[in-house]
Amino acid sequence: MVNTLRMFENEIIIIGGGLSGLTAAYLLAKQGKSVLVIEKKAYPFHRVCGEYVSNEVRDFLIKEGLFPFEHYPASINHFRLSAVNGDVADFPLELGGFGISRFVLDHHFFQKCREVGVRFLQKTQATNVRFLPEKRHFLIETSDGSLLPASYVLAAYGKRSKIDKQLNRGFVRQKSPYIGVKYHIEIEGQNENMVALHNYNGGYLGINKVENGQFNLCYLGSRTQLRDSGSIGAMEEKHLYANPHIREIFEKAHFLWDRPEVINEISFATKKPVENNMLMLGDAAGMITPLCGNGMAIAIHTGKLAADAFLQHSRLEDLQRAYQETWKNFFYSRLRLGRNVQRLFGAPLVSSLAVNVLKKSSFLSRKIIRQTHGLPIQ
Ligand SMILES: Cc1cc2nc3c(=O)[nH]c(=O)nc-3n(C[C@H](O)[C@H](O)[C@H](O)COP(=O)(O)OP(=O)(O)OC[C@H]3O[C@@H](n4cnc5c(N)ncnc54)[C@H](O)[C@@H]3O)c2cc1C
């Protein structure tokens, strides 16, 4: 039940304070805009993610004063891929990346946003967005019963939200076959500059260092395997341990949490970058498969593109057109390639074939890594 109409007109409301929403909020506030972010959780918090950030955004983050130097992210320049049977291929990562937990990184962005005047409604969920064409503004209903007016709305609420149902987006009608599981661990003898991706029959698991000597252990798994196994632990022993590298990691690891973070409803379906007159950012516009390791970089980049569009346009139609065009140029084919590469993973025969082909062809492996990644942004 809507019980409040907050009379203060927000120029820009951003729904969702992950990396895409926070980047846009920060840059728009620096342009002098009045920005309110609605975030359903309260910072800092953990979220399921491999926590390897591609260096394509490194220079941009440094230039904007957003790079988290003070948290000493791990520097990553080596990639290891293993097949279900344990075969291994190793590659240098030309561009590389850095490892940092979302607990720290998102909180760091949040604090930077506050410094430039972004306002936040935390522990609040946007439940409905209406665009009123005659008034040319939006009304957002929230879980605390408020009704918030705004001239522009950026939807940065991640892979799936209540608003997607309201918009009747196609992918919400399909059940996703995936789950995501994440731990933080301490482990001896693991290469600190490497991101490794280990296949198992049903999914793949990534491991890389983050801050404070900890490692992130995260996998994209199968919902059916979890249901049939009855518990996360039973599923890991039955399916993940078949890859000897995964078994060794689990046996050596010191697990830092009582239980992992778990999510479901992960969809790599095609989405649109503009819906209901809102600019869609990050995963809300389309999610790249995690094995590409650059969903966070794309999220940050979409936040930048949205803020750039506001530098040139103020008419809603012009903003939408400019954002839509640049989004398609940068991301459409990368997301499609990610979906195709995903098919090579999580099955014994195909993953072993892929590892062996990539091991023999440094040209092919470089090409795939380059094309799923973007060029550095400034
Ligand atoms: C298993 C797995 C591993 C991954 N590993 C990596 C990796 O190693 N490297 C990488 O670059 N990417 C990785 N990704 C992808 C990466 O996590 C996402 O692409 C990235 O987080 C997208 O950022 P975002 O800002 O779009 O959304 P999010 O970071 O998901 O943020 C969305 C925010 O919106 C909030 N929200 C949602 N609905 C509402 C609402 N109605 N009202 C208010 N707030 C709302 C949420 O609480 C959340 O804080 C991985 C993904 C998965 C599933």
Is a salt bridge present between [X] and [Y], judged by a nitrogen-to-oxygen distance below 4.0 Å?
X    : Y    : result
K175 : E265 : yes
D106 : R47  : yes
K112 : E64  : no
D308 : K304 : yes

What's the separation between atom [atom1] in [X] and atom [atom2] in [Y], rounded to the nearest 0.5 Å?
X    : Y    : atom1 : atom2 : result
Q190 : K252 : CD    : NZ    : 7.0 Å
E211 : Q214 : CD    : CD    : 6.5 Å
N216 : I100 : CG    : CD1   : 12.0 Å

F331-I288 co-clustered via ILVMFWY side chain contacts under 4.5 Å: yes
Linked, directly or transitively: F60 and L305 (ILVMFWY side chains, under 4.5 Å): yes
Contacts table for residues 162-174: side-chain donor-acceptor under 3.5 angstrom, sequence neighbours left out:
residue	atom	partner	partner atom	Å
D164	OD1	Y157	OH	2.6
D164	OD1	R169	NH1	2.9
D164	OD2	S161	N	3.0
Q166	OE1	V129	N	3.0
Q166	NE2	N128	OD1	2.7
Q166	NE2	V129	O	2.8
N168	OD1	R173	NH1	2.8
R169	NE	E275	OE2	3.0
R169	NH1	A284	O	2.9
R169	NH2	K272	O	3.2
R169	NH2	A284	O	3.0

Is the shortest heavy-atom distance from the side chain of [X] to the side chain of [Y] under 4.5 Å?
X    : Y    : value
V210 : N208 : yes
R114 : Y43  : no
F310 : E11  : no
L61  : F109 : yes
L121 : L148 : yes
F330 : I298 : no

From R102, E39, H107, residue fulfilling side chain to side chain contact (heavy atoms under 4.5 Å, CB included) relative to F45: E39
Matching residue for T142 among T124, I13, I15 - test: side chain to side chain contact (heavy atoms under 4.5 Å, CB included): T124
Mutual orientation of the aromatic rings belonging to F250 and Y183 [parallel < 30°, tilted 30-60°, perpendicular > 60°]: perpendicular
Parallel, tilted or perpendicular: rings of H184 and W257 (30°, 60°): tilted
Donor on one side chain, acceptor on other, N277 and Q320, under 3.5 Å: yes
Atom CZ of F131: over 12 foreign heavy atoms under 6.0 Å: yes
Exceeds 12 heavy-atom contacts within 6.0 angstrom, atom CD of E188: no
Check against salt bridge (charged side-chain N to carboxylate O under 4.0 Å, His left out), E115 and K30: CA-CA 10 Å; E115 283 170 20; K30 285 212 317 189; over 6 Å; no
